[in-house]
Peer 1: 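Quick one: the structure is below, questions incoming.
Model, not experiment: these values are computed from the prediction.
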Amino acid sequence: MTGHYILAVDQGTTSTRSILFDQSARLVAVRQHEHHQHFPRPGWVEHDALEIWRNLCRMIPETLHDAGIGLDQLAGVGIANQRETTVVWDRRTGRPVHPAIVWQDTRTSAALDAMAGNADKVRELTGLMMATYFSASRLKWILDHVPQARELATEGHLLFGTMETWLIWNLTGVHVTDVTNASRTMLMNIRTLAWDPYLLELFDIPSKMLPVIRPSMEVYGTCTGVLEGVPLAGALGDQQAALFGQTCFDAGDAKCTYGTGSFVLLNTGSEVVASDHGLIPTVAYQIAGEDPVYALEGSIAVTGSLVQWLRDGLGLISTAPEIETLASTVKDNGGCYIVPAFVGLFAPHWRSEARGVIAGLTSYVTKGHLARAALEATGWQTREVIDAMNADSGLTLRVLRVDGGMTANNLLMQFIADILDTTVVRPMMSETVSLGAAYAAGLVVGFWPDLGSLRRNWHRAAQWTPSMDPVLRDREYANWKYAVTRTYGWIREPEPE
Ligand code: ADP
């Protein structure tokens, strides 16, 4: 190994970041670039994959320049990426044949409803629910709607990838996907870690266009161009990267990333835990030559975005952190509960026909109570997911590691510790997604020797311990659950395409 730094690329939903870490896992330089969000129709969300690639090409030299280092100082590069977003491009030109279809896009909802008869088999093979969230239905949509796409794909001219595949191909010319991303496509068998013939036939996908599935940690190739000569040595889906960056390496370790939405991942070791409670088994990571490590995931669609709604939709606050000040003007929620089922409910309910409610309104309720109820909504949604995890895994969570923008909120973090009856801890390094990508690549090239050395880099910045009266906790949880039932069944007809 030569080089004193690892470069992490965090290709997110709204922006891409290029971050340089040193051997103590300290952040040395960072550059960030937003890309455009395209909404061509209601429910459709697209990205320009070339724009994302060009942004990255601009940012990498800037990051190195900021740190005052050259390419020879880089030991390796790792990628973390928004998951499930689907890109198809022509290998002869390198140009996408359609804009990338983003994980939030719901255009394939009716098509999936029509395949409902296959849901059990798909679940058995992949662990996933038949939801628009995953890539397969979007890939099929592109093949069905872009002129000649299916013929070109069958002839071997078109390539499919999620975002890490697209970036790895552009950086190295190699067409591979990491196994964690592949586990979100709905085309990979979660036990054999291979593309599954039944699923390829069901979604009518030509196998020639699929990338080779590789471990998350392995040298995929040597970069050319902006990263000339640097080994590309790791890739993970962003939530898996956060789990890895939080050093949740043992079965029973869990983290929650609190951002726009929130994602709880529990390491379940070498076992695929099939969920009976609305969670998703997923691949957490795989080191080359070793068995995969699995996780159970609870995805919550709306948490930080509810705070944004209080700010932008209602004008109750002017910045996100102000919600804590406003919520602190009252001692409790005043009997009010907000269930933010803005896009239906994800884990553990998976109710696409649900819509949001504010329950328990009386003239006693003030904006302070609304602010508190909005924060509590994030807490209760976490509690529902953790309850499901404990039930599925038979383990009882002892400590929850947290990261993401909402963890700056002390009132919320204390509330979460209280209602989970669990200690909540936040590390000094909050950039866990990028750190996970850096760790993946760094382990491969020998920049860090082993998992133990990564664990030693984890330093606690804050801790919250539970102190709530159990009777109050149970009563509040019962009220929340009752409020959730009020969201069900609101959408009574399919929404127009
Ligand atoms: P993402 O990576 O999903 O863009 P971030 O981790 O950057 O999200 O967190 C941003 C989200 O956190 C926003 O939705 C914002 O409303 C919320 N947020 C930021 N600061 C606070 C705060 N102090 N209290 C509550 N929510 C916050």
Side-chain angles (χ1 to χ4, degrees), residues 242-243 245-259 262-268 295-296 298 300 303-304 306-307 320-321 323-333 337 348 368-369 371-432 435 454-481:
L243 187 77
Q246 285 271 23
T247 65
C248 292
F249 302 139
D250 294 327
D253 289 349
K255 70 87 202 179
C256 184
T257 302
Y258 288 100
S262 293
F263 298 85
V264 188
L265 269 75
L266 169 76
N267 182 322
T268 58
L296 258 185
I300 307 168
T303 53
L306 179 61
V307 176
I323 194 167
E324 188 167 357
T325 319
L326 185 55
S328 301
T329 60
V330 290
K331 65 179 190 338
D332 59 25
N333 59 26
Y337 302 82
H369 295 120
R372 196 170 268 264
L375 292 178
E376 290 184 359
T378 292
W380 292 122
Q381 292 186 99
T382 311
R383 169 76 194 261
E384 290 177 325
V385 164
I386 297 289
D387 279 1
M389 276 180 177
N390 288 340
D392 277 334
S393 66
L395 303 166
T396 301
L397 185 73
R398 293 174 310 276
V399 178
L400 181 66
R401 296 189 166 195
V402 297
D403 50 77
M406 293 187 94
T407 61
N409 192 311
N410 262 304
L411 192 152
L412 173 61
M413 292 301 116
Q414 182 60 49
F415 183 72
I416 290 171
D418 283 341
I419 62 164
L420 296 182
D421 200 16
T422 295
T423 301
V424 171
V425 289
R426 190 182 65 208
M428 305 271 260
M429 168 49 68
S430 56
E431 299 290 347
T432 54
L435 187 60
L454 305 183
R455 276 201 190 93
R456 285 190 289 280
N457 286 335
W458 194 98
H459 302 290
R460 188 177 69 199
Q463 172 165 314
W464 296 269
T465 44
S467 65
M468 194 183 223
D469 169 14
V471 177
L472 174 64
R473 179 166 61 220
D474 291 348
R475 195 177 65 219
E476 286 295 307
Y477 193 24
N479 285 343
W480 163 264
K481 284 182 171 166

Peer 1: Between E376 (side chain only) and A371 (backbone N and O only), is there a donor and an acceptor less than 3.5 Å apart?
Peer 2: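 Not confirmed, E376 side chain does not pair with A371 backbone.
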Peer 1: Using modelled atom types only, decide if a donor and an acceptor are shared between the side chain of R372 and the backbone of A327 within a distance under 3.5 Å.
Peer 2: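 Yes.
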Peer 1: Distance from L326 atom CG to I323 atom CD1, nearest 0.5 Å?
Peer 2: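 Reported value, rounded in 0.5 Å steps: 7.0 Å.
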Peer 1: Within the distance-only criterion (no hydrogens, no angle test), does the side chain of D253 pair as donor or acceptor with the backbone N or O of D250 below 3.5 angstrom?
Peer 2: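 Yes.
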Peer 1: Would you name the heavy atoms of T329 and G368 that are closest together and state the gap between them?
Peer 2: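 Heavy-atom minimum between the residues: OG1-CA, 3.8 Å.
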Peer 1: Where do L397 and G252 come nearest, in terms of heavy atoms and distance?
Peer 2: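 It is CD1-O, 4.0 Å.
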Peer 1: Is T303 reaching over with its side chain to a backbone N or O of G259, donor-acceptor style, under 3.5 angstrom?
Peer 2: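 Yes; at least one donor-acceptor contact below 3.5 Å.
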Peer 1: How far apart are the closest heavy atoms of I416 and G379, and which atoms are they?
Peer 2: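 Scanning both residues completely, I find the closest heavy atoms to be CG1-CA, 3.8 Å.
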Peer 1: Given side-chain hydrogen bond (donor to acceptor under 3.5 Å, both in side chains), test E476 with W380 step by step and report yes or no.
Peer 2: CA-CA 9 Å; E476 286 295 307; W380 292 122; 5.1 Å; no
Peer 1: Looking only at heavy atoms, which two atoms of H369 and D332 are closest? And how far apart?
Peer 2: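 Shortest heavy-atom separation between H369 and D332 comes out as CD2-O, 3.1 Å.
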Peer 1: I need the minimum non-hydrogen distance between M389 and L296, along with the two atoms involved.
Peer 2: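 Result for this residue pair: CE-O, 3.1 Å.
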Peer 1: Nearest 0.5 Å please: distance from the CG atom of L243 over to the SG atom of C256.
Peer 2: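 Separation between the atoms: 11.5 Å.
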Peer 1: Looking at D418, is its backbone amide N or carbonyl O close enough to the side chain of R473 to form a donor-acceptor pair, meaning the two atoms are under 3.5 Å apart?
Peer 2: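 Yes, R473 side chain to D418 backbone: donor-acceptor pair under 3.5 Å.
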Peer 1: Could you give the distance from CG (L375) to CD (Q414), rounded to the nearest 0.5 Å?
Peer 2: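 Reported value, rounded in 0.5 Å steps: 13.0 Å.
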Peer 1: N410 and W464: side-chain donor and acceptor closer than 3.5 Å?
Peer 2: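 Yes, a side-chain donor-acceptor pair sits under 3.5 Å.
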Peer 1: Is it the case that D403 and T257 place a side-chain donor and acceptor less than 3.5 Å from each other?
Peer 2: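 Side chains of D403 and T257: pair found under 3.5 Å.
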Peer 1: If you round to the nearest 0.5 Å, how far is OG1 of T247 from CZ of R456?
Peer 2: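 Rounded to the nearest 0.5 Å, the CZ-OG1 separation comes out at 11.5 Å.
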Peer 1: Look only at the side chain of N333 and the backbone of A373, and say whether a donor-acceptor pair between them is shorter than 3.5 Å.
Peer 2: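 The answer is no, because no donor-acceptor pair under 3.5 Å joins these two groups.
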Peer 1: For E324 and L411, indicate whether the former's side chain and the latter's backbone hold a donor-acceptor pair under 3.5 Å.
Peer 2: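 Checking the backbone N and O of L411 against the side chain of E324, a donor-acceptor pair under 3.5 Å is found.
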Peer 1: Under the side chain to side chain contact (heavy atoms under 4.5 Å, CB included) criterion, do W480 and I419 qualify, and how do the steps go?
Peer 2: CA-CA 12 Å; W480 163 264; I419 62 164; over 6 Å; no
Peer 1: From M413 CE over to M406 CE, what is the distance, rounded to the nearest 0.5 angstrom?
Peer 2: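 The distance works out to 7.0 Å.
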Peer 1: With rounding to the nearest 0.5 angstrom, report the CG to CG distance, L435 to N457.
Peer 2: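 Result: 7.5 Å between the selected atoms.
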Peer 1: Any sub-3.5 Å donor-acceptor pair from R426's side-chain atoms to T407's backbone N or O?
Peer 2: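 Yes, because the side chain of R426 sits within donor-acceptor range (under 3.5 Å) of the backbone of T407.
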Peer 1: Take T378 and Y258 through the side chain to side chain contact (heavy atoms under 4.5 Å, CB included) test and state the conclusion after the steps.
Peer 2: CA-CA 9 Å; T378 292; Y258 288 100; 3.5 Å; yes
Peer 1: The test is side chain to side chain contact (heavy atoms under 4.5 Å, CB included); show your working for L266 and S393 and say whether it passes.
Peer 2: CA-CA 9 Å; L266 169 76; S393 66; 3.8 Å; yes
Peer 1: Which atoms form the tightest heavy-atom contact between N390 and T396, and what is the distance?
Peer 2: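 Between these two residues, the closest heavy atoms are OD1-CA, 3.6 Å.
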Peer 1: Can a cation-pi geometry be assigned to R401 and W458, taking NZ or CZ under 6.0 Å from the six-membered ring centre and within 45° of the ring axis?
Peer 2: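 Yes.
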